Asker: 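Structure incoming, see below.
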Amino acid sequence: MAWNQNLSDLQRALQAINSTNVSLHSISFFLTQPISSCYQETENSININVSTDEESLGCFSRILKAIGESNSRQTSLRNLEFQRVSWDLQQLKCLHELLQMNSNIKQVVFQRNRFSADGLMELSEMLKTNAGLKEVIFSESRIGSHGAGLLASSLKVNETLEELQIWEDSIGSRGAEELSKMIEVNSTLKLLIILDSLSITATPLISAVLGRNRAMEVHVWTGANGDKSSKVVEFVPESSTLRIYQTDLSGSCRIACALGWNSTVRTLDMTGVRLKSRWAKEFRGVLEQNRSLKEVNLSKCCLKDKAVIYVAAGLFKNQCLESLYLDGNWFSGVGVEHLLCPLSRFSNLQNQANTTLKSITFGGKRTRIGRDGITALEQMLSRNQSLVNLGILDDSSLRQEDIIRLFKSLERNTTLRYLCLRGCKGVKGDAVLQTIMETLQVNPWIEDIDLSKTPLHDAGKTETIYQTLGQNGRNVPEMDLLKDMALTMPKSCRVFLLGQELAGKTTLSNTISQNYSSSKLQYLEQIGRTEGIKIKTIRDDDTKISIWDLAGQHEFYAFHELMFPGQGSACFFLIVSSMFRKPHNREQKTPTEIEEDLLYWLRFIVSNSRRATGLQNVLPKVTLVLTHFDKVTQSPEDMQAIPHTIQKLRERFHGHVEFYQTVFTVDARSSGSVSRLAHHLRATSKTILERVPRVYELCDDLVNILSEWRSQNNDRTTIKWREFCELCQMKVAALRIRSRHDNPEKVEMRRRAIANSLHHIGEVIFFQDLGILILDCEWFCSQVLVQLVKLERRQSSVDNNGGFLSRKELEKILKVSLQSQIPGMGSKVFENLEPSDLVKMMLKMELCYEQEPGDPNSLLLIPSLLQEGRGKSQKWQTISPGSNYAGRHLECDDSSHTFLTPGFFPRLQVHLHNKIFHSRSNHGATYSLEKYLITLSINGINVRVELGGQLGYYIDVLACSTNSLTETLRLFHQLIIPTIQSLCHGVTLRESVLRPECVKNLTPPRYRRTQHVALQQVKQAVLSVPADSMYDYQHTWSAVNDEGKMILQAGFDLARDLLSDDDFREVLHRRYNDLYHLAVELAVPLDNNQESPDQLSVNQDELDSTVEPTFDGLAKGVEAVLKRLKIIEQEIRDLKQEIQGLRYYEHRLLTELHHKVNYMVNYTVQIEERKVPNIFYFVRTENYSRKLVTNIISGMTALRMHMLCEFRREMHVVEDQLGCELMQVDNMAVKCLVPYMTKFMKLLTFALKIGVHVAAGMGEMIPDLSREVAHLVDSSLITGAAGAMAAGALGVAAIGNRSRSTANSRDIQQDLRPAHQWLVDFLKDRGCATGKEIAEIFGLWRVRYRDTGQVGWICRRHIHTRANEVMQLPI
């Protein structure tokens, strides 16, 4: 085409624009050329030169119209550029029409153009209506403030323009203000570039951008008269960075105000801008209000102390700034002190004000840190918990000793990672080097220290520092947790003084201490006596003995168990009882009163010791002390009853506590009278320390370290866990984190193990979850814990809120309760603990609970503030005709030695609430409390938990619900009873069934004392009856009378109304299990590869609990077994399959059982015609009762042999049988009798367990036979229909294996033949070989069955009643 050559006139330009063969992107107009011309600059752009003559200017207007009309042909045209055009109004209208007609044009550039006032107006109107332009550029076009105002007015309307640039023009402050107003309205402008002769224009523009949170990129330069331009301000939204290079005071203040609520700026850089305190005052508000600013650089801003103080004040409320640079400024140590204040903590109870600032840098040649600054630095670094990067640059004010103090403070810091001391003149000398190395030994978290340009670096001595930093970053071998910590014998023993009030415990404690002091032993006096507890500590060589004097007042009883020693703790107990009722009179206690005093404390020790140790072989050591013996005037003969009483207590608690053999009778005021007791304390302490488990050697070191720490911290009584970890890191190498890559969790575990060990030996009280260690146990027990236990109630506030009170109100009560009557004593509590800490402590110790768990504003309930409600009428909230009633009675299994301690039920009230409401499935549960009562409703079941008994012997759980009995009892056994058991680990509670009528009518506790029966007894009763009677078994309740008035009439309840379906299944499964083992015993032994199914095995404990047989209904034949399950099949549909299996296989197995017994009776009939009976057993007399001997051991003496009546299927014990005495069992007897005893005991055991009356009449002679056949059983119960099917399969196997019965019979013959021969020889030796002698001694006569011809030995009763079946043989 011909467009490769220059066009020579404007006409050809018009042709090019109108042509469809040329695709133009850009057109440039130049109106300064003397000759008009047109040439192609690139393939897609042309330059049009227009001369200033009228004809050319007219052509210029036509060209503009042509461009507008060519929008359909020049679709790619985007840019128009006008240079040196002096616009008249008509030309601007043409441009206006062009832009309206051609919406493809996106950029218009005006370079060195000139506009009249009307032209600027037209230009403004053009921009208002244009919807296509994206970019407008004015360069040296002298639009001025007026033109800027018109542009601003148009852009307030325009919603498409994205870029506006005004170069080398002077729009002035007025024009800038107009543009700032536009910015407040316009949200589409993305780029604003201004190059103005005055820097003042930047302030309103950037302020508007910041104030309206515009995502607009802004660049403002300044330069006048051709001078070199310099940038004033820039804001880049992509990096959220605002840089201010120059501004005046008012401008900086205005920008600061705009930053207050800005959310687009993340980084503010004002390096080199000279700032005043007035700006700093405004910037303080920015720091307090702004939530997005992350980094601020104020380096070299000439800030002085006043300005820095304003900045520091803003940091107190700031929670977002992370980096602050203040190097190169002019402030002093006062400014440093204020700057670091929000980053410091000045007491343990104070929180750090600013925890978000991670990096701070200051210093410079004109910064004078000085003495105030280094003190502030030291305070900040030792307690700061957030700073990661600290820079002190080019400082010459810090001396060598200041640098040493700085590094010493870093020993406790665990957060600082980077330290820069570049150019600091005080970093010099060996002392500084040594201090840095020591700090790096205990602080492995520092990753880098920049010491460049320091004297130490210039001397080449920093290499070792960088090596150590590298070593702290290496991976070190993991420690073997606790195994590599050495153990040693503990050196601290605690003595607990227990007794009623006014027993003389405190006087006795003081006298013992004086006794040690008079023996020239070191005596360490603790804090003076306070209410609740007093602790005295004495030293005997390297042994420390702490005497814990527990208050005897009743209101402190709930407190005692909180201080009870834990498992394996080195301690023993002195139970102190006064021999007089009151110390100021002569009324001496009776032996019964002394017994009551001692009995409570003995039971208290046993109850808590079991909970604490869980080991029956570790018995608490107890010494009895009787005080006021000097006042006794009775003769020794009159005092004999007291030793007798104490001896009965010794016998009663034998196996529960270890008594010291001597009872000390002392005058507690006399050192001589107490000297023997003091010697006993010394000797017993050393003995106990040798026997108790070892403790960590580090405990001794930590005791000394903590004591030193207290002396350095104004005798503080508590230490936070973080401070304890700091001590371990600084003072104990074995508990130190050695590298940044160490596993901190494992080191933490070691530290917690040591803290728990210190708690265990009584040196501290460690609240692990709260992160607090109590260093002064006496202070905590007497001034804090006792007051928490016995808070005074505020009737109006507590009762009006249903027993609840707010946290603030509780904190007020705590403050009142913990204020001592002695001035200055109560304040010590709140110097070490905040009221909120005490509330958390109460929640942790379960002294109170939150109404809404997890809500910090939740109301709290304290059970100790509740009133007793037993005088109120008691009734169920909702009762319907279909309601079911169930109750369980939980009583101490060993109530003569244990009881539920006074603090148990209040803790249960809290613990059960937390158990229910902390779970995710409480299903809208409700919960309310009274003094001794818990009422709750969950899943439609209303439950009452009541504490009963004078000392809390039992707890009754009552329920009313329309749900089934099984669902109610499942709630008992899955939630309520396990929760109760979890709080009394060592005290065993025996579960009994309450009479349903008592539950329904809420009979008072005093009347239902006899209206409960042990759950296991009910199960055993059901298990002991024949199968056809199990479902209809009834338990009979006795009547209750009160002074002749009938309270409850006698009655009965069916077992199925007392037991849940689960309990009833358990009984059936036991019967299945017994049938299975009977099948195993009767059948030929299984092959080695045949294993009994797991579901058929039974727990040994359950065997023990079910073998208490009864023998009523003897001599029922096998025919009766076929009828046993008829009723169960009809009425328990869900157990039908199991019961059918039980019925079928019980009949088959019993048939086989009788076959085996008959074989044992008659196996020798063909050989000797039964000259003597075969079925014999041995009995031993113990405690006026006879017990069946189940195992023969050589050396046994005083046994008596008896014979059973052998009448078939009705074998029984013969009454009034004399028997024959066996003086001693020898080895030959053991060899002959053991096989027989094994066979006989197995058959007897299984027969008893399934209710078969093989040997009726043995009664109480039958022992627990389950252990005799323990090798036959496993440890799990059979369950469900699967158990029945398995039992059935084994029964079929037992019956189907008759093909192997012949071999089994031969085995029995081999086992029984030696026993029979031994029996014959034994009877001959005793002169009992003839039938007459056997009849006289054993009451048995030899008969022959008429139908089978077999011979047997039967009793006289069977001879008469079964005369038609037998005939008597000659004797």
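In this text the structure is predicted, and so the values were computed from the model without any measurement. Only this structure's heavy atoms are used, side chains among them; waters, hydrogens and symmetry mates stay out.
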Asker: Please check if atom CG in Asn714 has more than 12 non-hydrogen atoms from other residues, nucleotides or ligands closer than 6.0 Å.
Answerer: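 Incorrect, the count does not exceed 12.
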Asker: Is the NZ or CZ atom of Arg751 positioned over Trp721's six-membered ring, under 6.0 angstrom from the centre and within 45° of the axis?
Answerer: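 No - Arg751 does not lie over the ring of Trp721 by the 6.0 Å and 45° rule.
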Asker: If you count every heavy atom of other residues, nucleotides or ligands that lies below 6.0 Å from Arg399 atom CZ, does the total exceed 12?
Answerer: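 Atom CZ in Arg399 is not packed in, count stays at 12 or less.
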Asker: Quick check: closest heavy atoms across Ser492 and Ile761, and the distance to 0.1 Å?
Answerer: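 What the structure gives for the nearest pair is OG-O, 3.9 Å.
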Asker: Which value, rounded to the nearest 0.5 Å, describes the distance between Gln385 atom CD and Thr414 atom OG1?
Answerer: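 It is 7.5 Å, given to the nearest 0.5 Å.
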Asker: With a 6.0 Å cut-off on the ring centroids, do Phe724 and Phe766 count as close?
Answerer: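 That pair fails the under 6.0 Å test.
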Asker: Does any donor atom in the side chain of Asn389 or Lys358 lie under 3.5 Å from an acceptor atom in the other side chain?
Answerer: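 Asn389 vs Lys358: no donor-acceptor pair found between side chains.
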Asker: With a 3.5 Å cut-off and no angle check, do the side chains of Thr488 and Arg694 form a donor-acceptor pair?
Answerer: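 Checked: Thr488/Arg694 side chains show no N/O donor-acceptor pair below 3.5 Å.
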Asker: What residue among Glu378, Glu438, Glu401 forms salt bridge (Lys or Arg N to Asp or Glu O under 4.0 Å) with Lys408?
Answerer: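 The single option meeting the salt bridge (Lys or Arg N to Asp or Glu O under 4.0 Å) with Lys408 is Glu438.
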Asker: Take a 6.0 Å sphere around CD of Glu745 and say whether it holds more than 12 heavy atoms from other residues, nucleotides or ligands.
Answerer: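 Atom CD in Glu745 is not crowded, with 12 or fewer foreign heavy atoms closer than 6.0 Å.
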Asker: Any side-chain heavy-atom pair from Tyr696 and Leu487 closer than 4.5 angstrom?
Answerer: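 The answer is yes, as the side chains (C-beta and beyond) meet within the 4.5 Å cut-off.
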Asker: Give the intermediate values and the outcome of side chain to side chain donor-acceptor pair (under 3.5 Å) for residues Asn413 and Thr415.
Answerer: CA-CA 6 Å; Asn413 191 289; Thr415 59; 3.3 Å; yes
Asker: Are any of the side-chain heavy atoms of Leu773 and Thr718 separated by less than 4.5 Å?
Answerer: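 No, every pair of side-chain atoms sits at 4.5 Å or beyond.
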Asker: Would you call Glu690 and Lys686 a salt bridge, taking side-chain N to carboxylate O under 4.0 Å as the test?
Answerer: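 Lys686 and Glu690: not salt-bridged.
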Asker: Would you call the rings of Tyr660 and Phe664 parallel, tilted or perpendicular, where under 30° means parallel and over 60° means perpendicular?
Answerer: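 Tyr660 and Phe664: parallel rings.
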Asker: Salt-bridged, Asp776 to Arg710, with N to O below 4.0 Å?
Answerer: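 Arg710 and Asp776: salt-bridged.
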Asker: Working to the nearest 0.5 angstrom, can you tell me the gap between Phe659 CZ and Thr623 OG1?
Answerer: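 OG1 of Thr623 is found 10.0 Å from CZ of Phe659.
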Asker: Determine whether more than 12 heavy atoms belonging to other residues, nucleotides or ligands lie under 6.0 Å from atom NZ of Lys621.
Answerer: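 Enclosed.
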Asker: With Lys505 as reference, evaluate Ile575, Ile547, Asp549, Leu498 under the side chain to side chain contact (heavy atoms under 4.5 Å, CB included) test and give the passing residue.
Answerer: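 Per the side chain to side chain contact (heavy atoms under 4.5 Å, CB included) rule, the option paired with Lys505 is Asp549, out of Ile575, Ile547, Asp549, Leu498.
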Asker: Between Asp448 and Arg417 (salt bridge meaning N to carboxylate O under 4.0 Å), is one present in this structure?
Answerer: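 Between Arg417 and Asp448 there is no salt bridge, as every charged N stays at least 4.0 Å from the carboxylate O atoms.
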Asker: Is the closest side-chain donor-acceptor distance between Ser344 and Gln352 under 3.5 Å?
Answerer: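 No, no side-chain donor-acceptor pair sits under 3.5 Å.
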